[in-house]
Each structure stands twice: as C-alpha cells, then as structure tokens.
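Only one structure is covered here, and it is reproduced in the block below.
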2 protein chains.
Amino acid sequence: MDKRITIYDLAKTLGVSAGTVSRSLNDHPSISRKTKERVISIANELGYKTNKFAVNLSKQKSNTIGVIVPKLNSIFMSTVLAGIEKMANEAGYNLIISQSLESMEKEKINAKTLYDSGVDALLVSLAYDTTDFDHFAYYIRNKIPLIFIDRVHNLPNCSTIIIDNKLAGFEATEHLINQGCKNLLYISGDLRRNVYSERFKGFKEALAKHGLPFDNANYLESDLSPNSVKHAMAHIKDTHVPFDGLFVANDTFAALCLKELKKENIKIPEDIKVIGFNNDPISDLVTPTLSTIHYPGYELGVLAGQSVISHLNGGINLQPTNAITLRHSLIIRESTLK
Amino acid sequence: MDKRITIYDLAKTLGVSAGTVSRSLNDHPSISRKTKERVISIANELGYKTNKFAVNLSKQKSNTIGVIVPKLNSIFMSTVLAGIEKMANEAGYNLIISQSLESMEKEKINAKTLYDSGVDALLVSLAYDTTDFDHFAYYIRNKIPLIFIDRVHNLPNCSTIIIDNKLAGFEATEHLINQGCKNLLYISGDLRRNVYSERFKGFKEALAKHGLPFDNANYLESDLSPNSVKHAMAHIKDTHVPFDGLFVANDTFAALCLKELKKENIKIPEDIKVIGFNNDPISDLVTPTLSTIHYPGYELGVLAGQSVISHLNGGINLQPTNAITLRHSLIIRESTLK
DNA sequence: TTGTACGCGTTATCAC
DNA sequence: GTGATAACGCGTACAA
C-alpha cells in the first residue's frame with residue numbers, strides 16, 4: 001500500500017503550516033491565490049487524496065444518505081432507487097441502501113445501523129408490518145432529515161412523497177364500473193400501509209358513487225406474493241355472485257392472476273375485467289395487456305433525492321415541503337375493454 | 001440535538017480512564033469482568049453511542065462495501081443486489097450502491113468516489129461500454145478486494161463470479177436445434193461484455209456441432225433497449241431465408257420481441273421458436289411462456305457477498321476463489337415447443 | 001488489570 | 001494572509 005500523503009506532508013515540503021494547506025485545498029477566501037496554486041500543484045504532484053474519515057470526524061457529517069426499502073428486487077422499488085441514486089450522486093452524496101425484507105424487526109435494526117453509521121439523512125419506504133415508529137425517534141430528535149416515500153407514515157417534521165392513492169383507486173374502480181362491471185373485487189395488500197388502505201377507500205367511494213353495494217366479499221387482503229395467487233383464485237371461484245371486475249393492488253400480482261384466470265378458461269376482459277397498479281413494464285407485455293395506474297416511480301425517486309438534498313444544503317423548506325404528491329394517470333389497455 | 005456521550009464522559013462518571021472504557025466496550029480480554037459490566041451498564045444508562053467517524057479514522061476502515069452496477073432498475077440486477085445486501089447486512093457491513101448507467105465515464109467517477117469515501121471492498125458489474133480498467137488500479141494497488149460479478153473482466157488478483165455463459169448459450173441454441181430449428185438468429189448485447197460474447201461462442205459452437213451454417217445474418221447486436229425492438233424486427237423480416245429460431249440475450253428483450261412478432265401475425269412457436277436468458281419473472285407470464293436459461297441472480301449476489309466478506313475477515317482464500325462459476329439450467333416452456 | 005499518551009487527518013479558533 | 005493549537009472520539013502501544 002502506498003504511503004498515504006497528508007496535508008502535513010504537503011505542509012512540510014512547501015514550508016507552510018497544515019492549516020494553510022487545508023484552507024488552500026478548500027479554496028478558503030483568506031488565502032492568497034499564489035499560495036493556493038502552489039499547494040494545489042504540489043498536492044497533485046504528490047498524489048494527495050483527502051481522507052474522508054478525518055473530514056467526517058471533524059465535521060460530524062458522512063456525506064451519505066441512508067435508504068431503507070422493503071425489498072430491493074422489485075421493479076418498482078428499484079426504479080425509485082434509480083431516481084434517488086441519480087440525484088444523490090449528482091449532489092456528491094453516497095447512498096447506503098438496505099432492505100427490511102418487509103419485516104419491522106429488520107427495519108428497526110437497519111434504522112439503528114444507519115443511524116449509528118452516521119447518515120446525514122434517511123429515506124424510508126415502510127415494511128409491510130410496521131406498526132410502531134420508535135426506531136425513527138433518534139432521527140427526529142437529532143434533526144436528521146427523515147423522508148418517507150410511497151409507503152409512508154405521518155410523523156412530525158417528516159416529509160412524505162406519494163401519489164394520491166385514494167384518487168387513483170377511485171379512478172381505477174370507476175373505470176371498471178364505466179366499462180360495465182357490477183360486482184368488483186379489490187385484491188389488496190396489508191391495510192396498515194397507506195398505499196393499500198387509501199386505494200381501498202377510493203375503491204369504496206367509487207362503488208358508493210355508482211350505487212353499487214359493498215360487502216366483505218368485495219375485498220380480499222393478500223400478501224401479494226406468488227404463493228397467494230391460488231388463495232385469490234379460491235376466493236374468486238367461491239363467490240355466489242360471480243365477479244366481473246378485479247382491481248389488484250399491483251401489476252405483478254395482477255399478471256399472476258391473469259395467468260391463472262386464463263388457465264381456468266375465464267375470458268379477459270369478456271368475463272372479468274382486470275386493472276392493476278404501478279404500470280410496471282410487465283403490464284404491457286402480458287396477454288391481454290393490463291390496464292393499470294401509472295405510478296411515476298423514477299420521478300418519485302428523483303423528487304425524494306432532490307428533497308433530501310435541499311434539506312441538507314440549507315435546511316430550508318423543511319416545513320413547506322411537508323408532503324409532495326405526484327401526478328398519477330389511468331392507463332387503459334386490453335384487460336378492461338368492453 | 002442531544003449532547004453526544006463519549007467514552008470520556010463515561011470515564012469521568014466512573015472514575016476510570018478512557019482507555020479502560022474503550023477496552024471494556026470492545027470486550028478486550030485484559031479487562032476484569034466486573035469493570036466491563038460497570039462500564040457497559042453505565043453506557044446503556046447514559047445512552048452512549050460509539051462514534052463511527054472516530055472509529056473509521058482510527059482504523060482507516062469504513063465497514064462499508066461499495067457496489068457499482070450498470071442499472072438499478074433491472075429485475076436481474078436488483079435481485080443480485082438483494083442477495084449481496086442480505087449477506088453484507090448479516091456480517092455488519094453497509095452497502096454503498098451506485099449505478100454507472102451503462103457508461104464507462106460514470107463508472108470511472110463512481111469508482112473514484114467510492115475509493116475516496118473509503119470502502120473496504122468493491123463489487124462491480126461492468127457498464128456496457130467499458131474498455132479500459134485504469135479506474136480499478138487504485139483498488140488493486142492498495143489491496144482493496146475487488147470482485148467482478150456477472151459482467152466481468154479478468155484483472156490480476158480479482159475474483160469473478162459468473163455462470164458458464166458459453167455453455168448456457170450452447171445449451172439454449174442446441175435446444176432450439178433439437179426442436180427442429182435450422183436458421184437461427186442470436187440477438188446479442190455488446191460483445192465487449194463477456195456475458196454476450198460467451199453466449200455468442202456457445203451459439204456458434206452449437207451451430208457447428210449440428211452442421212448448420214453461420215453467417216453474419218445469424219447475428220444481430222443490439223443495446224437490448226425497448227427502442228431497439230423495431231430494429232430487430234426489421235432484421236428478422238429482411239432475411240431471404242426466414243428465421244425459425246431466436247436466441248435472445250435477455251428475457252426482457254425477448255418478451256418485447258414476442259409481442260412484436262405476434263403483432264406481425266407470426267406464430268410462436270410454430271413459425272419461430274424463441275428462447276431468452278435469465279429466467280426473469282416475466283418469462284413465465286408472457287404468452288406463450290418463454291423458454292429461457294435460469295440465471296441464479298440471488299445466489300450470485302449471496303455468493304458475491306460471502307466472498308467479499310471472507311476476503312475482508314481474514315484475507316484468506318483470495319487466490320483459491322479466483323473465479324466462482326454458478327450452475328445454470330435450461331428451462332423449457334411454450335415458446336420452443338415442437 | 002488499568003492508566004497515560006499519542007496517533008488517525010482534518011477543520012476551526014485564535015492569535016499575529 | 002498565515003501559523004499555532006485545540007478539538008473531533010476512539011484505539012492502542014507502552015508503562016505501571
């Protein structure tokens with residue numbers, strides 16, 4: 001390993017003090033242009049590299065942003081991350097990414113680890129089963145920016161970045177109704193998560209608006225994993241009044257359902273119309289193509305990145321940007337044709 | 001912000017020296033059990049948190065592993081990352097993830113940034129157009145473990161973790177031939193990347209073995225982005241001898257081709273049989289379901305994680321594990337039925 | 001078994 | 001403009 005060059009080495013070879021070197025390197029106004037040039041030139045010559053560890057210790061800042069997501073291996077989440085990374089990278093921040101694997105326990109551990117490792121800010125999309133939020137208390141108490149994205153929770157002084165899930169759910173449902181559906185099923189994720197509960201509210205509102213009845217059979221909670229498809233199928237076949245419309249909380253699960261329904265010789269959209277959520281690439285590749293709600297994941301990530309960086313570089317607009325809502329849109333494809 | 005508790009605070013309240021506190025906290029053998037217990041108890045009481053910045057500076061280690069991937073928003077890559085994260089997290093390492101966006105320039109910048117921020121090791125999957133490797137020289141020179149995954153390059157003292165792409169390409173091709181195909185097209189990514197060039201070798205070997213001719217028309221290079229599908233279609237339609245078999249370098253692009261082919265009223269598998277690569281979830285959801293090569297992304301990530309950690313915790317088996325090859329498998333679905 | 005004292009590399013606060 | 005000198009908080013030889 002090459003011996004590492006420090007500002008002291010530079011100072012010695014230049015015959016100045018370490019302080020002068022440090023200030024020169026940081027372009028401090030109180031240093032003459034001439035000295036700066038000498039320092040920088042010799043620094044390059046000797047291959048000086050600033051030691052981040054020392055800077056971090058001195059400033060008590062790490063220049064890193066922590067991120068906790070439920071799962072890395074989801075196309076939606078990784079798209080969000082791509083947006084965050086782009087912004088963070090451009091602003092000179094590193095991203096420390098960890099996954100809760102949909103478990104509150106792991107989320108707690110991750111939150112603590114990231115806190116301990118000194119992240120300057122934290123972005124979180126909540127796990128499936130998170131019910132208490134004490135693990136974020138450190139952050140709030142120590143004024144470390146904490147921003148929730150997609151799967152959010154309202155905590156004092158924390159921003160949230162989302163879409164209007166209730167409205168989106170309403171629009172998806174109303175679209176099914178407009179296409180002639182009368183007995184709808186909403187296949188949901190865990191209602192403790194805003195994204196699913198809000199969509200559910202929209203679902204019920206649309207039914208109410210159009211005078212359609214709602215009872216428990218019209219709602220099915222699922223973990224939306226591939227293994228749960230058969231459970232959903234059982235529910236669909238068990239009903240006395242056949243469903244003619246399905247609103248599924250994400251495209252991946254909707255695509256799985258599509259496949260099973262076809263296997264059962266149920267025609268889509270003739271027998272049952274189906275709409276998903278997210279506008280994952282898959283929604284346009286299955287047969288029939290899947291109607292869905294476009295959820296701008298990349299833009300969400302970009303905004304989250306921008307937001308956290310603006311908090312960091314100035315501490316401004318912490319209050320005004322308390323909640324950012326992105327625009328979604330209904331995408332109509334074959335699976336809900338009349 | 002709460003005033004931060006340091007080992008000096010603990011030392012003062014306990015009436016011992018800071019050194020003793022430090023050693024107690026680190027379970028140093030030379031400290032009496034009694035003292036340790038006292039220290040730990042008061043540490044918890046006062047809410048002591050070790051300052052990672054100081055530890056890092058002192059040890060010149062960051063406890064982080066850097067990762068550079070071409071793109072975050074790919075289901076394959078994010079699956080690999082999920083595996084890496086799992087292992088790193090269990091071993092107490094943080095992951096700093098950045099994306100090259102398929103650009104060597106960005107890859108260089110990322111490599112430097114991660115080096116400067118003091119990662120203890122680096123995992124890399126190469127960008128599309130990376131042709132020189134000087135940006136990894138720091139790592140090698142300073143003996144920072146450097147491991148290539150999936151899209152690899154042979155550098156001295158660097159491990160690689162891959163599958164046998166040549167054999168996989170051979171098997172995919174031979175499968176098409178066994179199903180009766182006589183005029184095959186390999187739709188490839190950039191041949192500078194091992195994964196695509198190796199598969200190409202396998203493709204040609206299979207043709208040779210079965211006495212099928214190969215000329216340039218049997219090969220098409222593409223960037224495998226959605227926009228390039230029409231280009232691929234043009235190539236397919238432009239041929240004088242119609243293709244009856246397609247080997248596509250990844251499932252996503254294969255699925256896009258499938259869709260376009262169907263749009264052109266070309267029957268799959270009757271007119272053209274298609275096989276993809278990776279076994280992305282999508283391959284089992286399109287119609288017809290897509291034959292493919294199973295590429296164990298998650299296991300790849302897990303192995304990469306384990307490998308890097310074993311390098312870090314011991315520096316052992318750096319030589320023996322110079323190249324790890326994972327097992328792949330052929331998955332036969334509807335798109336290549338006879 | 002414990003204390004002392006210095007190193008880690010940089011930034012910041014005084015002086016001059 | 002520049003130079004000392006003290007943080008920053010922890011680990012660790014060396015001493016005791």
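Each chain gets a letter, A, B and so on, in the order its sequence line appears, and its residues count up from 1. Since this is a predicted model, take the numbers as computed values, not measurements.
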Given side chains that start at C-beta, do those of [X] and [Y] come closer than 4.5 Å, heavy atoms only?
| X | Y | answer |
| --- | --- | --- |
| Asp150(B) | Val195(B) | yes |
| Ser98(B) | Asn89(A) | yes |
| Arg151(B) | Thr130(B) | no |

Distance check needed: [N] [atom2] versus [X] [atom1], whole Å only.
| X | N | atom1 | atom2 | answer |
| --- | --- | --- | --- | --- |
| Asn26(B) | dT2(C) | CG | C1' | 16 Å |
| Ile5(B) | dC10(D) | CD1 | C1' | 16 Å |
| Lys59(A) | dG9(C) | NZ | C1' | 13 Å |
| Ile7(A) | dT2(D) | CD1 | P | 15 Å |
| Lys12(A) | dG3(D) | NZ | C1' | 16 Å |
| Asp27(A) | dG1(D) | CG | P | 14 Å |
| Lys52(B) | dG11(D) | NZ | P | 11 Å |
| Leu10(B) | dG11(D) | CG | C1' | 15 Å |

Of the listed nucleotides ([options]), which one gets closest to any side-chain atom of [X]?
| X | options | answer |
| --- | --- | --- |
| Leu57(A) | dG1(D), dG9(C), dT2(C) | dG9(C) |
| Ser58(B) | dG7(C), dC8(D), dG1(D) | dG7(C) |
| Thr35(A) | dG11(D), dG9(C), dG1(D) | dG1(D) |

ask   = Of Ala18(B) and Tyr48(A), whose nearest nucleotide on DNA chain C comes first from the 5' end?
value =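 That would be Ala18(B).
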
task = With DNA chain C as reference, determine whether Ala54(B) or Val16(B) sits nearer its 5' end, using the nearest nucleotide of each.
result =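 Nearest-nucleotide comparison on DNA chain C picks Val16(B).
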
task = Begin from the C-alpha positions of Ser103(B) and Ser100(B) and carry the test side-chain hydrogen bond (donor to acceptor under 3.5 Å, both in side chains) through to its verdict.
result = CA-CA 6 Å; Ser103(B) 142; Ser100(B) 63; over 6 Å; no

Does a nitrogen or oxygen in the side chain of [X] sit under 4.0 Å from OP1 or OP2 of [N]?
| X | N | answer |
| --- | --- | --- |
| Ser17(B) | dG3(C) | yes |
| Ser32(A) | dT2(D) | yes |
| Asn56(A) | dT10(C) | no |
| Ser22(B) | dG11(D) | yes |

key: Considering all heavy atoms, the nearest Val308(B)-Ala121(B) contact   =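 Nearest pair, atom of Val308(B) first, then Ala121(B): CG2-CB, 3.3 Å.
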
ask   = Nearest heavy-atom pair of Glu102(B) and Tyr128(B): which atoms, and what distance?
value =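 Looking at all heavy atoms of both residues, the closest pair is OE1-N, 2.7 Å.
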
task = Check for a donor-acceptor pair, side chain of Arg38(B) on one end and backbone N or O of Leu14(B) on the other, with a separation under 3.5 Å.
result =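 The answer is yes, because a donor-acceptor pair under 3.5 Å joins these two groups.
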
request  = Scan Phe53(A) against the nucleic acid and name what it touches under 4.0 Å (heavy atoms): base, sugar-phosphate only, or nothing.
outcome  =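 Result for Phe53(A) = nothing.
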
task = Taking atom types as modelled, find out whether Tyr115(B) and Asn142(B) have a side-chain donor-acceptor pair closer than 3.5 angstrom.
result =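 The criterion, which ignores hydrogens and geometry beyond distance, is satisfied for Asn142(B) and Tyr115(B).
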
So which protein N/O to nucleotides 13-16 of chain D N/O distances come out below 3.5 Å?
residue	atom	partner	partner atom	Å
dA13(D)	N6	Arg23(B)	NH1	2.9

